[in-house]
Amino acid sequence: MSAFQGIWVPVVTPFHDGAIDFIGLRRLVSHLLEKHVAGIMVCTTTGEAASLSRQEQLAVLDAVLQVVPAHRVVMGLSGNNQIELLQFQREILKRPVAGLLVPAPSYIRPCQAGLEAFFRTVADASGVPIILYDIPYRTGVSFERATLLNIAAHERIVAIKDCGGNLANTLALIASGQVDVLCGEDIQMFNALCLGATGAIAASAHVHTEQFVALCQQVRDNQLAEARATFFQLLPLINAMFSEPNPAPVKAALALQGLIGSELRAPMQAASAAVTAQMQPFI
């Protein structure tokens, strides 16, 4: 079993006048640690990594490592230029991190053998564990079950962030025992935990974090009635968090709490007034 258990938060990247707000970032991750999350994931989809330069991504990672113990920090590693991606991987690995979260290359849509070769290459080059990020609606490519299981056989690929939308694949991965499965779709969290997922990477858990942590613990303790009640309490929040493109609603909620501003980097747009008002009851 890997170290990737419980609730991990894919932290947003705060901005102020177009620049990274490092003070707000450190304040936010400190707040999340106080709520007993298992760890922080940096420069993910929710962190708007695609809108950050490589140097900005490293700066965000360095800022988080000033506050969060390294064994509780995972760095996102994505790109469709494999040579450049491997160079960036070497830069990341000069820092102490618990692991790397790696999706398939976007836009290219490699074949299944190409996917296996890509993840084998990244894992071979890594000195830390790899979490495979299965998210076909962003990458444009889906994994076949056999491909996932072949990739999971690599000793450094220890977990999967499951956003694949394929229940048969999810069940096969959990049943295999080869990797830990972390739910990546917040609305599927209760189901996944009950089926045997070891935790979740949940953007919604920026808010009411302690309830998400409690949900995971309740399932672990086989308190399923209590866990079900906790999940249904969280469900309106989860639905609201994804009512507009992520992470706009998350940032709107955090801004209402006074933790960070609500600014996103173009072409992403801040949450609408309607969604911001929708967040108010959760604060």
Side-chain angles (χ1 to χ4, degrees), residues 1-14 22 24-47 49 52 54 56-78 85-86 88-103 119 122-134 152 154-162 173 177-184 189 192-193 196-203 205-206 209-210 212-217 219-221:
M1 184 172 287
S2 78
F4 304 115
Q5 318 285 316
I7 300 298
W8 288 72
V9 176
V11 70
V12 299
T13 303
F22 290 105
L25 175 62
R26 287 188 285 266
R27 180 169 56 242
L28 175 58
V29 294
S30 296
H31 168 78
L32 293 169
L33 286 183
E34 290 171 1
K35 302 294 184 179
H36 305 296
V37 299
I40 303 292
M41 300 217 171
V42 182
C43 294
T44 62
T45 304
T46 305
L52 301 173
R54 293 302 200 189
E56 285 179 317
Q57 291 183 45
L58 291 173
V60 169
L61 175 59
D62 288 340
V64 171
L65 286 169
Q66 290 174 1
V67 180
V68 185
H71 70 277
R72 297 171 70 182
V73 177
V74 166
M75 178 66 171
L77 174 65
S78 61
L85 182 138
L86 292 171
F88 186 51
Q89 182 182 19
R90 287 194 288 273
E91 287 300 311
I92 294 170
L93 293 178
K94 293 176 182 177
R95 286 111 171 127
V97 293
L100 300 172
L101 177 69
V102 185
F119 279 96
V122 172
D124 285 346
S126 182
V128 299
I130 301 292
I131 303 170
L132 185 154
Y133 185 5
D134 182 12
H154 194 290
E155 63 181 359
R156 287 197 191 90
I157 296 176
V158 301
I160 289 183
K161 180 179 179 181
D162 182 22
L173 287 164
Q178 288 182 290
V179 287
D180 286 335
V181 175
L182 296 163
C183 179
M189 191 182 309
L193 290 170
T198 59
I201 302 172
H206 279 87
T209 311
E210 63 283 353
F212 285 91
V213 172
L215 168 64
C216 195
Q217 189 61 50
V219 175
R220 283 181 181 173
D221 294 341

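All values derive from a computational prediction rather than experimental measurement.
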Given the rule in the side-chain contact (heavy atoms from CB on, under 4.5 Å) test, do His206 and Leu28 qualify, once you have shown the distances and angles that lead to the verdict? CA-CA 9 Å; His206 279 87; Leu28 175 58; 4.2 Å; yes
Hey, does the side chain of [X] reach the backbone of [Y] with a donor-acceptor pair shorter than 3.5 angstrom?
| X | Y | result |
| --- | --- | --- |
| Thr13 | Cys43 | no |
| Arg156 | Ile130 | no |
| Arg72 | Ala38 | yes |

Which atom pair, heavy atoms only, marks the closest approach of [X] to [Y]?
| X | Y | answer |
| --- | --- | --- |
| Leu193 | Ala197 | CD2-O, 3.6 Å |
| Ser126 | Leu93 | CA-CD1, 3.9 Å |
| Pro129 | Ala98 | CD-O, 3.3 Å |
| Ile7 | Ala205 | CG2-CB, 3.9 Å |
| Arg54 | Ser78 | NH2-O, 2.9 Å |
| Val128 | Gly99 | CG2-CA, 3.9 Å |

First locate atom [atom1] of [X], then atom [atom2] of [Y], and finally report the distance between them rounded to the nearest 0.5 Å.
| X | Y | atom1 | atom2 | value |
| --- | --- | --- | --- | --- |
| Phe88 | Gln57 | CZ | CD | 4.5 Å |
| Cys216 | His36 | SG | NE2 | 14.5 Å |
| Met75 | Leu61 | CE | CG | 5.0 Å |
| Trp8 | Leu32 | CH2 | CG | 12.5 Å |
| Ile160 | Cys183 | CD1 | SG | 13.0 Å |

Quick one: which residue pairs count as a side chain to side chain donor-acceptor pair (under 3.5 Å) with a foot in residues 88-98, not counting sequence neighbours? Asp62-Arg95, Glu91-Lys94
Should [X] and [Y] count as side-chain neighbours, where that means a heavy-atom distance under 4.5 Å?
| X | Y | answer |
| --- | --- | --- |
| Leu173 | Val179 | yes |
| Val97 | Val74 | no |
| Val102 | Leu132 | no |
| Ile131 | Leu100 | no |
| Thr46 | Val11 | no |
| Val213 | Gln217 | no |
| Leu182 | Asp162 | no |
| His154 | Asp124 | yes |

Determine, step by step, whether Val181 and Thr198 satisfy the side-chain contact (heavy atoms from CB on, under 4.5 Å) criterion, reporting the C-alpha distance in whole Å, the side-chain angles of both residues, the deciding distance to 0.1 Å, and the verdict. CA-CA 6 Å; Val181 175; Thr198 59; 5.9 Å; no
Please report the C-alpha distance between Asp180 and Val158 in whole Å, then the side-chain angles of each, then the deciding distance to 0.1 Å, and finally whether the side-chain contact (heavy atoms from CB on, under 4.5 Å) criterion is met. CA-CA 6 Å; Asp180 286 335; Val158 301; over 6 Å; no
Pair Ile201, Phe4 - check side-chain contact (heavy atoms from CB on, under 4.5 Å), show working. CA-CA 10 Å; Ile201 302 172; Phe4 304 115; over 6 Å; no
Report the residues that fulfil ring-ring contact (aromatic ring centres under 6.0 Å, His included) with Tyr133, sequence neighbours left out, ordered by chain and then residue number. none
